[in-house]
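A short worksheet on the structure shown next.
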Number of protein chains: 2
Amino acid sequence: MNQEAIGRLFKANNIKNTKHRLNVYSYLLSCKQPVTADAIYLDLVRDSRNQENLNQSTVYRILDTFLKHQMIVKTTLGNDSRATFEIKHHEHRHHLICVSCNQITPISGCPLKGYEKMLSETSQFKILEHKLEIFGVCPKCQK
Amino acid sequence: MNQEAIGRLFKANNIKNTKHRLNVYSYLLSCKQPVTADAIYLDLVRDSRNQENLNQSTVYRILDTFLKHQMIVKTTLGNDSRATFEIKHHEHRHHLICVSCNQITPISGCPLKGYEKMLSETSQFKILEHKLEIFGVCPKCQK
DNA sequence: ATGCAAATGCAAATCACTTGCATTTCATTG
DNA sequence: CAATGAAATGCAAGTGATTTGCATTTGCAT
């Protein structure tokens, strides 16, 4: 996804196309796993292309905006007190997290397809979504 | 579970039997859903039986002790930034969260029993645990 | 180019929790 | 049953993540 495409996405969501927003969105696109607001901030200020100053609050506000427009997903993983963010992909996914090296592996397929239907009948809740994370030790770390 | 039984539980875990610990543990026993440290604190100080002063840090420290001894479970639910705590039941549980009124309902049974075994074979991960939360609208809020 | 709402920078505030330290309490021992 | 020492608590200050108020800057529709 290039700069223009991102600009069009912003326009489609009716939010202004600013350089910080572009940088944050591009950065998120480049991430293969969820990242913290702090990581985004630090990597962007470190980045030479981004000479102009960027503020932590700006990052938080940008993430809030993206969230409001459902362009990204926010999660709190494991016992970490910080939230993590990632681009919202169409296909809904779960992750397998290695408790030793923190590597995150996406899992294909969702084991809860049939279950939610059943649950909505027994609980009378209208089920909207779910969050599932699985923790374990990856092959490398088992050695 | 009465006061003596709780006292025995403390002794079994080799921790001192103090009135605050007793109050916190009893309170958790009485809760049908996970509660925040703040809720525990506020309810206990409001409680007339608990004339003596109780401090927020004491609550946090007591919860830490219970956690260390695996007497309770800690989770961060939904988008709330606060952790919640509940008595550790033998059977592992998940929760159904109403996105409208935030009420939390425990679900009995876990839909991932067989799945994890399969996943450990296909992924080569050694699966340790998982976190599952389901979001929806409760019967009351649907009206 | 211009105007104005929206976005940003900065500093201070807030929220959930943690820590240091002086004091109190519990439970073992004499 | 009192003494004793370790563990628990109260209080106040500290921390880390996130939010907010407000003055200034920027994007974009005119």
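Chain identifiers are assigned alphabetically (A, B, ...) following the order of the sequence lines, protein sequences preceding nucleic acid strands; residue numbering begins at 1 within each chain.
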For this session: Verify side chain to side chain donor-acceptor pair (under 3.5 Å) between B:His130 and A:His94, making sure each step is shown before the conclusion.
Result: CA-CA 11 Å; B:His130 62 253; A:His94 298 304; over 6 Å; no
Exercise. Does A:His20 put a side-chain nitrogen or oxygen below 4.0 Å from OP1 or OP2 of D:dT26?
Worked result: no
Exercise. So does B:Asn53 get a side-chain nitrogen or oxygen closer than 4.0 Å to the phosphate oxygens (OP1/OP2) of D:dC11?
Worked result: yes
For this session: For B:Leu54 and D:dC11, give me the distance from atom CG to atom P, rounded to whole Å.
Result: 10 Å
For this session: Please tell me if the side chains of B:Ile134 and B:Ile97 come closer than 4.5 Å, counting only heavy atoms from C-beta onward.
Result: no
Exercise. What's the CG-C1' distance between B:Leu77 and C:dA16, to the nearest Å?
Worked result: 16 Å
For this session: State, yes or no, whether a side-chain contact exists between A:Pro139 and B:Phe125 at a heavy-atom distance under 4.5 Å.
Result: yes
Problem set entry | Rounded distance (Å) that lies between atom C1' of C:dT18 and atom OH of B:Tyr41 | 16 Å
Problem set entry | A:Ser81 side-chain N/O to D:dG16 phosphate OP1/OP2 under 4.0 Å | no
Problem set entry | Euclidean distance, atom CD of residue A:Gln56 to atom C1' of C:dA7 [Å, nearest integer] | 17 Å
For this session: Ignoring backbone atoms, test whether B:Arg21 places a side-chain nitrogen or oxygen under 4.0 Å from the OP1 or OP2 oxygen of D:dA8.
Result: yes
Problem set entry | Position toward the 5' end of DNA chain C (nearest nucleotide), A:Asn14 or B:Arg82 | A:Asn14
For this session: Determine: side-chain N/O of B:Tyr60 to OP1/OP2 of C:dT18, distance under 4.0 Å, yes or no.
Result: no
Problem set entry | Any side-chain donor near an acceptor of the partner, A:Thr36 and A:Asp38, under 3.5 Å | no
Seminar exercise, completed: Under the rule of Watson-Crick or G-U wobble with both distances under 3.5 Å, where | means paired to another strand and [ ] a crossing pair, DNA chain D maps to ||||||||||||||||||||||||||||||
Problem set entry | Verdict with supporting geometry, A:Tyr60 and A:Phe85, ring pair (Phe, Tyr, Trp, His ring centres under 6.0 Å) | CA-CA 11 Å; A:Tyr60 281 110; A:Phe85 303 85; 7.6 Å; no
Exercise. Same hydrophobic cluster for B:Leu67 and B:Met71, using side-chain heavy-atom links shorter than 4.5 Å among ILVMFWY?
Worked result: yes
For this session: Give the rounded distance in Å between these two atoms: CG of A:Asp64 and P of C:dA6.
Result: 16 Å
Problem set entry | Output field: ring centroids B:Phe10/B:Phe66 closer than 6.0 Å | yes
Exercise. Using 4.0 Å as the upper bound for N to carboxylate O, is an ion pair formed by A:Arg46 and A:Asp43?
Worked result: yes
Problem set entry | Non-hydrogen side-chain atoms of A:Lys131 and A:Thr75 separated by less than 4.5 Å | yes
Seminar exercise, completed: Going 5' to 3' through nucleotides 19-30 of chain C and flagging B where a protein heavy-atom sits under 4.0 Å of the base, S where only the sugar-phosphate is that close, and - otherwise, we get BB----BBS---
